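Just so we're clear, the structure is a prediction, and the values are computed from it rather than from any experiment. All chains are named by letter (A, B, ...) in the order of the sequence lines, taking the proteins before the strands, and each is independently numbered beginning at 1.
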Amino acid sequence: MQDIYKPAEVETAAQARWEREAATRSLEKAGVPEYYCLCMLPYPSGRLHMGHVRNYTIGDVITRYHRMNGRNVLQPMGWDAFGLPAENAAIKNRVPPAKWTYDNIDYMRMQLKSLGFAIDWTREVATCHPKYYKWNQWFFLRMLEKGIAYKTTGTVNWDPVDQTVLANEQVIDGRGWRTGALVEKREIPMYYLKITAYADELLSALDGLPGWPERVKTMQANWIGKSEGVEFGFPHEGGQLKVFTTRADTLMGATYVAVAPEHPLAAKAAASDPKIAAFVEECRKGGITEAELATQEKRGMPAGMSVQHPLTGEPLPVWIANYVLMAYGEGAIGGVPAHDERDYEFAVRYGLPLKTVVRAPADPVPDVRVSGLGFLGKGGVVCNSGKYDGLGYQAAVEAIAADLAAKGLGKKRVQYRLRDWGISRQRYWGCPIPLIHCDACGDVPVPDADLPVILPEDLAPDGSGNPLAKHKAFVECACPKCGEPARRETDTMDTFVDSSWYFLRYACRDNDAAMVDERVNYWLPVDQYIGGIEHAILHLLYSRFWTKVMRDMGLVKFDEPFTNLLTQGMVLNHIFLRRTGAGALSYYSPAEVELKHDTDGRITGAVLKVDGEPVQYEGFGTMSKSKNNGVDPQALVERYGADTVRLFMMFASPPELTLEWSETGVEGAQRFLKRLWKAVSEHTTRGPAPALDRAALDEAQRELRRQVHETVAKVSDDIGRRYTFNTAIAAIMELLNAVTKLPGDALQDRAVKQEAYEALTLLLAPIVPHVCESLWSGLGHRDSVMAARWPAADPAALKRDTLELVVQVNGKLRGHIRVAAGASQEVLQEAALTEPSVQPFVQGKTVRKIVVVQGRLVNVVVA
RNA sequence: GCCUGGGUGGCGAAAUUGGUAGACGCAAGGGACUUAAAAUCCUUUGGCCGGCAACGGCCGUGCCGGUUCGAGUCCGGCCCCGGGCACCA
């Protein structure tokens, strides 16, 4: 072993050894417990960013930990290779998206390899490869046959200048990003997947996922948004205006009815009244995101008609209102301004009457005409509602639903907030939807034998529309049914389709005859899935849905794709900027800036290194290109080595929290590895250590051994159960501090140190595998550390004869006592009361009570 | 607007089931080594007060209130920051 730590040499040698020994290859083995550790696949944007490094380091630590614990572990990698950024790069650089994507994949694969992740590269998948997306198309056709995929219209952002559909992120302040034109909503035909048919199972199955964070399950449950309520109609001349409400108890308080601008009644009203038509047209302005719709100013216009209250027959005016969503319920609501904040705001603005029909249980019955927002929530009592007065929420809903049913106007039903999944995208760089449009036969599925429908890879988009639609060789085809000339569908699939099942394909990517095979049931479900919290809802919900559809078609034998889920936080860095000219901002990389501190170490300012002039410090923010505060992992690996980068990432904060980048923190991580290297190297230069003789140890040696085994127990728990890698590393650092402080060079000193250094190496192997490979062989082992077994704590070494307990008086710390390990309560109380530092606080006072917490503390309560 | 997390020293954080607040590391100060610097090693470090000192006291986990022998942790109300909101991935 060399006496100086040289990361580049160590890492090249370790990676070469793993390659030579095919150490990261995973094969299906009968009789060995399998473990599937999966990280969310990256979008090949060009270079890895720190979020990727964090994600894959977490996955690699878990992978290597379970390997050392004897499991047959699979850790695959792939590329979420279709998507918008490739088209944007194509527009900017005039390079076909395919070339850009494949080049990026090559570079990023090299980066991943240089970080030493134990990935089985023989299973690599790229979603833009025809051998992958063929199965998107094949499965889409199966869903079409079953009625799970269907066609209807959907709303999109429309740029009227470019005549193009825009993604939400391409709409900035209501305008198209390239043209600056005001964006409009437009209805176009699209294909949908009937995820709502699985709403109930997607919701109830969350209870069967104890390995998922509560927060993610709560978000998914709220997203699905199951609510029980009443669907009923407001009768009018032309029939009934249907609404759905969860608050039928407030029905007697309805003073108006409002419909969405896209509602058929609004269209009908617009046809005969130009003012209404203008208003409906006005509502088309702006984007389609829920955030935008929910924050816009509430506006409305009378539809020029009225309906009857279903219980009283009283006429109620119909309004067209922009705050009513066509996508939820029936696209219409009964307005109850006294008991709904949004209705209240609307009614106040347009002078609509209020009627108070619910009161707090303790309050007196209010005057019907009391204005203002009344009781909210479901804990009230119905009033001013005739026969329903005095009922609580549930009883009132039942009674009103029964009366509506008796009149043939309504019934109780369940409503979900979840909407079906629209998968059509009017974009080039995606998986073609396998349909052919024939004038005679309609929409005809592409026969299975003609799959995949191959996406031409040599087109370059120019920003106006989908180049596929202009590509004759792609569009023009023969109808599979009648053979006459027909047009191929040019919409491609949402990239969420690609990422909804890629984790299955890793198990069988060499099978060209089937989407999945038996190996999928060997590896799946995924034992541990790791990725960003930003995917908590959409990606994870779509993957769960897709898995259930495949199960129902008999393709897989499990119900849920991911047994355990770890959501990692974002990586942040300092943000520096200068204001240049007319409000323009110029961002500077933290690498170009020097921070100024006061004597307490507080940041007081910053200057640009090149000119020494101040720049504005904006605090921490997520690493991004636009803020110019990203850190290039490659530069770090070259400067410090992969192990240092991995160690810092895992040490700086627990995986679920955000991580603030710190160059000095990276240096600290490097310092630790150097100290470890030096310590082991000094130990091994004295030759092989003698065998450990447990009976011959002195107190200091026993104490160090105890710490070794306590550390083994703690690190096993921190990595294997808690996923708190930061505290595992802290314990390992403490152990190194302790070993290097053990004086003496006697035989048993060396034996205890050998045991300690071997434990340190094994415990660190999942986190910094390259350096541990060298240390392990330095400590006298011929096999790779990847083949070594995870250490086990020796219970005999953990045993303690005495314990130190805390003594509190009225909950305040007043002293410590040392007692025998098995001491009785009486002995503890006596020791606590007679402890000199405790005496002044109990003397002359009445002891009311003594609380003893086993192995921790004694609290004396005095008055 | 709706849904969901988070807030602890100068900084990243720790405290695992309600039981010693600040482990571990960074930064900063003092010292050793060195012609010097870097590197390395030793050492101090939440705030305030008292003491020559050993040490002791009080305060302290975003803010206000509550439960408890005991609250960073539980409950109620507020403030601030982040993630998601269905065509970014």
* **Gap in Å between the two P atoms, one belonging to B:G46 and one to B:G9, rounded** =>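 The same atom, P, in both gives a distance of 13 Å.
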* salt bridge (charged side-chain N to carboxylate O under 4.0 Å, His left out) contacts in which one or both residues fall within residues 848-860 of chain A, not counting sequence neighbours ->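 Residue pairs passing salt bridge (charged side-chain N to carboxylate O under 4.0 Å, His left out), neighbours aside: none found.
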Sugar-phosphate, base or nothing in reach of [X], heavy atoms under 4.0 Å:
X        : answer
A:Lys714 : base
A:Pro654 : sugar-phosphate
A:Tyr43  : sugar-phosphate

* Residue of the set A:Asp718, A:Thr711, A:Asp717 for which side-chain hydrogen bond (donor to acceptor under 3.5 Å, both in side chains) holds with A:Lys714 ->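 It is A:Asp718, the one option of A:Asp718, A:Thr711, A:Asp717 that forms the side-chain hydrogen bond (donor to acceptor under 3.5 Å, both in side chains) with A:Lys714.
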* Asked: Can you find a side chain N or O atom of A:Asn222 that sits less than 4.0 Å from OP1 or OP2 on B:U4?
  ->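 For A:Asn222, the contact criterion (side-chain N or O under 4.0 Å from OP1 or OP2 of B:U4) is met.
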* Asked: Is the glycosidic torsion of B:G12 within 90° of 0, making it syn, or is it anti?
  ->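 It is anti.
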* Structure fact -> The dot-bracket string of RNA chain B, counting Watson-Crick and G-U wobble pairs with both distances under 3.5 Å, using [ ] for crossing pairs and | for pairs to another strand, is (((((((..(((......[....))).(((((.......))))).(((((....)))))..(((((..]....))))))))))))....
* **Side-chain donor/acceptor contact of A:Asn859 with base of B:C69 under 3.5 Å** =>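 Under the 3.5 Å cut-off, the side chain and the base do form a donor-acceptor pair.
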Considering only nitrogen or oxygen atoms on both sides, find all protein atoms under 3.5 Å from nucleotides 82-88 of chain B and state each distance.
unit_1 : atom_1 : unit_2   : atom_2 : d
B:G82  : N2     : A:Arg215 : NH1    : 3.4
B:A86  : OP2    : A:Glu290 : N      : 3.0
B:A86  : N6     : A:Arg417 : O      : 2.9
B:A86  : N1     : A:Arg419 : N      : 2.9
B:C87  : OP2    : A:Arg425 : NH2    : 2.7
B:C87  : O4'    : A:Arg425 : NE     : 3.2
B:C87  : O3'    : A:Asn168 : N      : 3.2
B:C87  : O2'    : A:Asn168 : N      : 2.7
B:C87  : O2'    : A:Asn168 : OD1    : 3.4
B:C87  : O2     : A:Arg427 : NH2    : 2.0
B:C87  : N4     : A:Ser424 : O      : 3.4
B:C87  : N4     : A:Gln426 : OE1    : 3.0
B:C88  : OP2    : A:Asn168 : N      : 3.3
B:C88  : OP2    : A:Glu169 : N      : 2.9
B:C88  : O4'    : A:Glu169 : OE1    : 3.2

* Is a side-chain donor-acceptor pair under 3.5 Å present for A:Gln426 with A:Asn466? ->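 Per modelled atom types, A:Asn466 and A:Gln426 side chains form no pair under 3.5 Å.
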